Amino acid sequence: MQVVVRDNNVDQALRALKKKLQREGVFREMKLRNYYEKPSEKKARQKAEAVRRARKLARKRAQREGLVGGRR
């Protein structure tokens, strides 16, 4: 991963780096690797995340089709 520092603006480059790391999921992976996760816990977490993603996708589809109103 590479971030260019322009005009000695390190703050801007640091913000860009953090945004790239966030998008890649590095922070989330670091948090997960902080402690040992039993295989059964990992499986349950991944299943819950998949359910969450599926519900979100279904909600977005329903909004697009006009079945459900959007947020207020």
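All values derive from a computational prediction rather than experimental measurement. Along the sequence shown, residues are numbered consecutively beginning with 1.
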Under the side chain to side chain donor-acceptor pair (under 3.5 Å) test, which residues partner [X], sequence neighbours left out?
{"X": "Arg45", "value": "Glu37, Glu49"}
{"X": "Gln22", "value": "none"}
{"X": "Arg33", "value": "Glu29"}

Check: Linking I/L/V/M/F/W/Y whenever their side-chain heavy atoms sit closer than 4.5 Å, directly or via other members, would Leu17 and Phe27 fall into one cluster?
Finding: yes

Notebook entry, point to check: Can you tell me how far the NZ atom of Lys20 sits from the CZ atom of Arg23, to the nearest 0.5 Å?
Noted result: 8.0 Å

Check: Hey, what do you get for CE (Met1) to CG (Leu21), rounding to the nearest 0.5 Å?
Finding: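 Separation between the atoms: 5.0 Å.
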
Notebook entry, point to check: Got a sec, which residues hit salt bridge (charged side-chain N to carboxylate O under 4.0 Å, His left out) with Arg52, two or more places apart in sequence or on another chain?
Noted result: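 Checked Arg52 against salt bridge (charged side-chain N to carboxylate O under 4.0 Å, His left out); zero matches.
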
Item checked: All pairs passing salt bridge (Lys or Arg N to Asp or Glu O under 4.0 Å) where residues 59-68 contributes a residue, at least two apart -> none

Listed partners of [X] passing side-chain contact (heavy atoms from CB on, under 4.5 Å), at least two apart:
{"X": "Val5", "answer": "Val10, Ala13"}
{"X": "Ala44", "answer": "none"}
{"X": "Lys38", "answer": "Tyr36, Ser40, Glu41"}
{"X": "Lys18", "answer": "Leu14"}

Notebook entry, point to check: Other hydrophobic cluster members with Val51, side-chain heavy atoms of Ile/Leu/Val/Met/Phe/Trp/Tyr under 4.5 Å, chained?
Noted result: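 Via sub-4.5 Å side-chain contacts, Val51 links to none.
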
Next item on the list: Any side chain to side chain donor-acceptor pair (under 3.5 Å) involving residues 2-13? Give me the pairs, sequence neighbours left out, ordered by first then second residue.
Entry: Asn9-Gln12

